[in-house]
Amino acid sequence: MTATPNSGSQRTPLTELERDTPFEQRHIGPDHGAQAKMLAHVGFGSLEELTAAAVPDVIKSAAVLGLPEGRSEAEVLAELRSLADRNQVLHPMIGLGYYGTFTPPVILRNVMENPAWYTAYTPYQPEISQGRLEALLNFQTVVADLTGLPTSGASLLDEGTAAAEAMALARRVCKARAPRGSQGLFLVDADCLPQTIAVVRTRAEPQGIEVLVADLSDGLPEGLAERGLFGVLLQYPGAGGAVRDLTPVIEQAHGLGAVATVAADLLALTLLKPPGEMGADIAVGSSQRFGVPMGFGGPHAGFMAVHDKFARNLPGRLVGVSVDVDGNRAYRLALQTREQHIRREKATSNICTAQVLLAVMAGMYAVYHGPEGLRAIADRTHRYAAVLAAGLRAGGVEIVHDSFFDTVTARVPGRAAEVVAAARDAGINLREVDADLVGVACDETTARAQVAAVWDAFGVTGDIDALDAATEDALPAELARRGEVLTHPVFHQHRSETAMLRYLRRLADRDYALDRGMIPLGSCTMKLNATTEMEPVTWPEFGALHPFVPTEQAEGYLSLIRALEEQLEAVTGYDKVSLQPNAGSQGELAGLLAVRAYHRANGDEQRTICLIPSSAHGTNAASAVMAGMKVVVVKTRDDGDVDVDDLHAKIEAHRDTLAVLMVTYPSTHGVFEEHITDVCAAVHDAGGQVYVDGANLNALVGLAQPGRFGADVSHLNLHKTFCIPHGGGGPGVGPVSVRAHLAPYLPNHPLQPAAGPETGVGPVSAAPWGSAGILPISWAYVRLMGGEGLKRATQVAVLSANYIAKRLAPYFPVLYTGPGGLVAHECIVDLRPLTKATGVSVDDVAKRLIDYGFHAPTMSFPVAGTLMIEPTESEDLHEIDRFCEAMIAIRGEIDRVASGEVSAEESPLRNAPHTAAALGGEWNHAYSREEAVFPAGVSAADKYWPPVRRIDGAYGDRNLVCACPPMDEYEG
Ligand SMILES: *Cc1c(COP(=O)(O)O)cnc(C)c1O
């Protein structure tokens, strides 16, 4: 065509040339030709025909999504730019747990902006996750060393929820008796961060725990033992900046049999005596200031470190050291029995997705700076604070505390607002504590200019160098840190950027992420995280905002947040969305708290029963317990559906006490159950509410709306359906969506009235809009796709799942299907008959898939001995076929075991995965080296080499090591 000279009739009109390739075609893997092939294989003529058959009529929404047409990537980037321009970046000196930090560019680009890190999945397949597991072990070592407590987990959601988790841990382990009708007393120092206190209160209320906030600077009040004191929470340094020795208060608390938790600042701890040495049992906090942008509140990695005796009670994930079958050191998640999937309503906490990517960044910040570098940053931060305070004092301003690290509280009777306004005019945000007090927090980014400008705002002047020479440090000598920290070689070997770059690359290369191939995880929706969606996250106008800035500095954020809420309302059919929950689990909790508050407002305090099908995700049961509910399990039928007879029987049995039914839709079995609307009606008839777990929304967007087919409340997982990357196990966003009658009970925030209703249940996250910094990703996705594009994505996701189900069915039975023998957006293949006949287990297949260059599907959830496969709409037909062919080839390998040609033990399945190292030396397997590492379809040039062989998890649990192994071992 192009060769023909332009004659009038053949000229392509500008209007056509001006249209870029629609983003939809970049996001959806299979093109029209591929879709046609797949449709033919599944036996349908069009996507419409397929989804008309797959989706039950009763839930189908007639209306198209009320969303505008998709925009091009260039247009959406321009829109994001103008939103960003409406945010004002001032110098952040508000403090309160969020600080300016300089993300080393080598970490910014090679971790935060690198798909090798951000598109990885949670490290459940440890053999292909050694890089991020090592990075998390670094994080755990940093936290353990700095807090002086030996066992640290691999990240919690934020500081506020970490404190609430500490309260729950203390309640579990403390034997103190509570008075009748109470679950005991949790004592919180008044100098704790205000948002932490508020999150703790939200969590305590449904548990029946009494929270007492008191000034503990002179010790504990009287009469606590009678009130069943079980735990104390202290802040170090305090929210107002004070640094004091907590040893006496901790001793007093221990004297009463209570557990002591210290919320601590990691940077301060490089200079200060650690909580562990003061006798604390638990330390919690945020690692944000270790190089993680504030992002208007998140995401950042919260942490918890505990005394050895509580290691087995730690919430969230813990990385530990173990060995592989060759005896080589290998990392994996330790003590997995703590996961909710096994413990369910007895689980330690409901945390599933945490903050892995941000924990990796914080750990790498420590690796790059090393102990001396961190100390130097802390020293400088402290000197600026000391000099700033000295200047204010010299100018006649009273400084409230003599000892502080980075935060100075100044008394200016009646003038606080005026001083804060003057600083703002100079481009600096200070904290207006009350009418008389102003808080000024220094950080890594503070420089002389800010010190001078702050003085100016207070109306004083000073000579920085003269004051520096004349001013002592403001840290108490007896609290000086003694002894070395971060002595492990990893914190000393990567100081040059070249060394750091290579270390990051080396670890990333050990891992399998979406940038290498498909991660077909059922229930987790590992789809494309488009670069356009990701770009704005690290723009300073989104990254550098403190969560407590005045709203007029965050207008871009607020419009984006409102727009995203509206987009999600349009998608789900609900009336109101809160973006505050920073993981699906937290959305569940928020949704159930809303249900609880609704019943109580109606005088139905006795409604505490939560019905949950046995096939539900483990977080459901754990969240219900946290919301003060009692879990009653509903049976699942052999065909995978909820047992409707049992459900009706349970509704009847608990008619007067039923609070809510919690179901996943489409079901965790990947099926559109046809009776969902009847089920909803029956629950409503009994006075209960219906919670639809929205983790599987990728099967519904554009086709059906839970808010319209009978549910009252759902959480969504923006890190599944709406393109926020998994980050190797977080970050996530778990918005809670409700119908109007529950809207008054959504989360709110004490420091930000705009973040939720006045009548709300309190905050479930430390920040007003949770992980605000990553919301541009989901907003951009919806904007790029438009209503039609979103619907097509869902249709292709359903098509791909059915295509795989159909291709694999002759080799592996597909466990459950719905209308027309079709599945929804995922399918479960059953290995149990093969396992029974041959001894080849689901683990063997999962590990053998590594040799074929794949990440295994979800293993043994929701049914033991099965694999759940979810291709998503983003995988193209070539990749889907490659996966099917690998599965079929594996079936051939199983057949050789079945026929007796080779035993299961001697098969490549049992010995998988095979490493490059395994090829060297002697080879005494019944199959060739070639068969081991280059099975059918694997090209030598593109081979993914797992760094370790199959890992012995039990060994590591018996010999629990959760910090970097000692140096002598390292050398070997
Ligand atoms: C992922 C998932 C959750 C939990 O969400 P997180 O963000 O990991 O806390 C809950 N329910 C189902 C069905 C899920 O797949």
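As the structure lists them, so they are numbered: ligands from 1, and atoms in each ligand from 1. Because the structure is a prediction, the values reported are computed rather than measured. Side chains included, hydrogens not; waters and symmetry mates left out as well; all remaining heavy atoms used.
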T619 heavy atoms within 4.0 Å reach ligand 1 at atoms 3 (C), 4 (C), 10 (C), 11 (N)

For atom 5 (O) of ligand 1, what is the nearest protein heavy atom, given as residue, atom name and distance? N717 ND2, 3.0 Å

Results of salt bridge (Lys or Arg N to Asp or Glu O under 4.0 Å) for K527 - residues two or more places apart only: E873

Criterion side-chain contact (heavy atoms from CB on, under 4.5 Å) against V692, the qualifying member of L697, V663, T664: V663

re atom 8 (O) of ligand 1, the protein heavy-atom contact at minimum distance is T353 OG1, 2.6 Å

Heavy atoms only: which of E870, H617, Q586 is nearest to atom 4 (C) of ligand 1? H617

Could an N or O of ligand 1 be found under 3.5 Å from any N or O of C524, whether backbone or side chain? no

Provide the number and element of each atom of ligand 1 under 4.0 Å from a heavy atom of H719. 6 (P), 7 (O)

Heavy-atom nearest neighbour in the protein, as seen from atom 11 (N) of ligand 1, with distance rounded to 0.1 Å: D693 OD2, 2.6 Å

Just which atoms of ligand 1 are under 4.0 Å from any heavy atom in E588? 10 (C), 11 (N)

Please state which protein non-hydrogen atom is closest to atom 15 (O) of ligand 1 and give its distance, to 0.1 Å? S523 OG, 2.6 Å

Do the side-chain N and O atoms of E870 and T525 include a donor-acceptor pair separated by under 3.5 angstrom? yes

Please verify the inter-ring angle class for H719 with H726; under 30° counts as parallel, over 60° as perpendicular, anything in between as tilted. tilted

Sidechain N-carboxylate O distance under 4.0 Å for E345, K630: no

Give me the nearest non-hydrogen protein atom to atom 14 (C) of ligand 1 as residue plus atom name, then the distance to 0.1 Å. K720 NZ, 2.9 Å

Under 4.0 Å between a Lys/Arg side-chain N and an Asp/Glu carboxylate O for R332 and E127? no

For atom 9 (O) of ligand 1, what's the nearest protein heavy-atom neighbour? Residue, atom name and distance, please. S585 N, 2.8 Å

Angle between ring planes, H715 versus Y691, binned at 30° and 60°: parallel, tilted or perpendicular? tilted

Salt bridge E673-R637, side-chain N to carboxylate O under 4.0 Å: no

